[in-house]
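Shown next, in structure tokens, is the structure this report addresses.
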There are 2 protein chains.
Amino acid sequence: MEASSIPQPVIHRLPKYLVHIQELREDGVAWASSQDIADALGLTPSTVRQDLSHIDLRGISKKGYETSQLEAELRLVLGADIRHRVVIVGAGHLGRSLAMHGAFPQRGFEICCLFDKDPSVVGRKFGTVDVMSIDSMGEVARDKKIDIGLIAVPSHAAQEVADALVAVGIRAILNLAYKHIQVPEGVHVVDARIMESLQELAFALRNDG
Amino acid sequence: MEASSIPQPVIHRLPKYLVHIQELREDGVAWASSQDIADALGLTPSTVRQDLSHIDLRGISKKGYETSQLEAELRLVLGADIRHRVVIVGAGHLGRSLAMHGAFPQRGFEICCLFDKDPSVVGRKFGTVDVMSIDSMGEVARDKKIDIGLIAVPSHAAQEVADALVAVGIRAILNLAYKHIQVPEGVHVVDARIMESLQELAFALRNDG
DNA sequence: TAGATTGTTAATCGATTAACAATC
DNA sequence: TAGATTGTTAATCGATTAACAATC
């Protein structure tokens, strides 16, 4: 039951369970069976039970899982109760819109700073977030104990930004740039590229009939 | 070699190959071996050769794959040469920033329209894209032959928007909302949730040491 | 109690990796 | 030619699904 032994596909699904369970709770639903959850998320009940067996929780025969308990446990496992400190590199349209997106602080991801190298944007403010020069990144990362760096620059600059984030000690990177980045062992990277997702859809449409 | 028989994990990687190969081409690299590609994308050479065996292309012993040929073939398979017509539902920060993002039209995804139900945004323009009332979606989808719908509304409205997109005949949906959506058989959905990606990173950090 | 649903083991399925003859 | 690299088959690995005794 070592948390770090949870397989990658399961880790990928855990946030989806959390979203759904939070919603059930908001609707006042107290119990959910593996079948209920499977139906809602497009999985099989078997997969749901296998997945939940990785976290510290017991369901009850005939009733299923208690939503409040399940939510609490998922929050714990996912670190959702820990406040994370995030910087965004790249104050273009995407970086700005993420800085102003209320959902992140709501869920524990505090956007501490936007970085950009363009002097004409440095000093501006989007929502509550200041744009600072990329040269001050080391200082900010240290002072504000930044955990997560978000890459929102054009693809040709992505690797350079990744290197800079790693250099200032950031060990978790969300890459929104349309480019695979290389990082040393021990640094976590998750890709989130809307362009690639669109291309997957384009492929699906092409092979439809 | 039926295109639609390509397994999902391979389909998911194809856009990544395309990005990398385009970059090699820009740098004037004419040949790339499976080992080269594997190193750049964090895969094994074996996986690369298996993946590329699904597309109509022959590598050459000792040299590898010709980048121009590989790019052309990937573009073809992914439908990258087809112009796709996209609407964005939700003219909040995220929807607006995507509408103004130059990379989409560059790669064949034309953002035709932003929809919102808030009358105070309807009529505004972000970049070159007009905001229209969500009530006119059916008409627009028909007239402009929209292929892809992008959901950028708050999670509580996501399902409703998905239903509306399906109702007007859109068969490919990119869901950016923090909620799993249900669609009928035959409609393609790809999820792209930055929040979930952040939560995966939070999990990774929590189990680090 | 009877029936529904769990937790877990075993079976299946599919993806990745290894290996190697063919070949440029 | 000798060596590198392909395409493909076979082996391994891991994830998903099925099955079922335990149990509420």
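First the proteins, then the strands, lettered A, B, ... as listed; each starts at 1.
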Problem - Carboxylate-amine/guanidinium contact A/R85 A/D147, below 4.0 Å - result: no
Handout entry: A/H12 atom NE2, over 12 foreign heavy atoms within 6.0 Å
Key = no
Fill in the blank from the handout: Side-chain contact check for A/R49: nearest option of D/dT8, C/dG3, D/dC20 is D/dC20
Practice task
Answer yes or no: are there more than 12 heavy-atom neighbours, outside A/Q182 itself, under 6.0 Å from its atom CD?
Solution key: yes
Exercise for the section: May I ask you to verify if any side-chain N or O of A/Y65 is less than 4.0 angstrom from the OP1 or OP2 atom of D/dC24? Expected result: no
Problem - Stretch residues 27-37 of chain A: residues that reach within less than 4.0 Å of DNA chain C through a heavy atom - result: A/S33, A/S34
Could you go over nucleotides 13-16 of chain D and give all protein N or O partners under 3.5 Å, atom names and distances?
unit_1, atom_1, unit_2, atom_2, d
D/dT16, OP1, A/R13, NH1, 3.0
D/dT16, OP2, A/R13, NH2, 3.0

Practice task
Would you name the heavy atoms of A/G127 and A/M100 that are closest together and state the gap between them?
Solution key: N-CG, 3.6 Å
Handout entry: Residues A/S34 and A/R49: side-chain donor-acceptor under 3.5 angstrom
Key = yes
Problem - B/E66 CD to D/dT5 C1', straight-line distance once rounded to whole Å - result: 16 Å
Completion exercise
Residue pair A/S46/A/K62 against DNA chain D: nearer the 5' end by closest nucleotide is A/S46
Exercise for the section: Using distance alone, with no hydrogens and no angle criterion, decide if A/Q199 and A/Y178 have a side-chain donor and acceptor under 3.5 Å apart. Expected result: yes
Handout entry: d(NE2, A/H54; P, C/dT6) in whole Å
Key = 17 Å
Handout entry: Beyond-backbone contact of B/R13 with B/T47, side-chain heavy atoms, under 4.5 angstrom
Key = yes
Practice task
State, without any angle test, whether A/E73 and A/Y65 hold a side-chain donor-acceptor pair at a distance under 3.5 Å.
Solution key: no
Practice task
Taking the six-membered ring for Trp and the full ring for Phe, Tyr or His, determine whether the centres of B/H101 and B/F104 are under 6.0 Å apart.
Solution key: yes
Handout entry: Heavy-atom donor-acceptor pair, A/S61 side-chain to C/dT6 base, under 3.5 Å
Key = no
Handout entry: Residue whose closest nucleotide on DNA chain C lies nearer the 5' end, B/I60 versus A/L52
Key = A/L52
Practice task
Report the secondary structure of DNA chain D in dot-bracket form, marking unpaired bases with a dot and bases paired to a different strand with |, and treating Watson-Crick or G-U pairs with both distances under 3.5 Å as paired.
Solution key: ..||||||||||||||||||||||
Handout entry: Distance-only polar pair, side chains of B/Q22 and B/R107, donor-acceptor under 3.5 Å
Key = yes
Handout entry: B/R58 CZ to D/dT6 C1', straight-line distance once rounded to whole Å
Key = 8 Å
Exercise for the section: Please examine the side chains of A/F115 and A/S136, heavy atoms only from C-beta on, and report whether any two atoms are closer than 4.5 Å. Expected result: yes
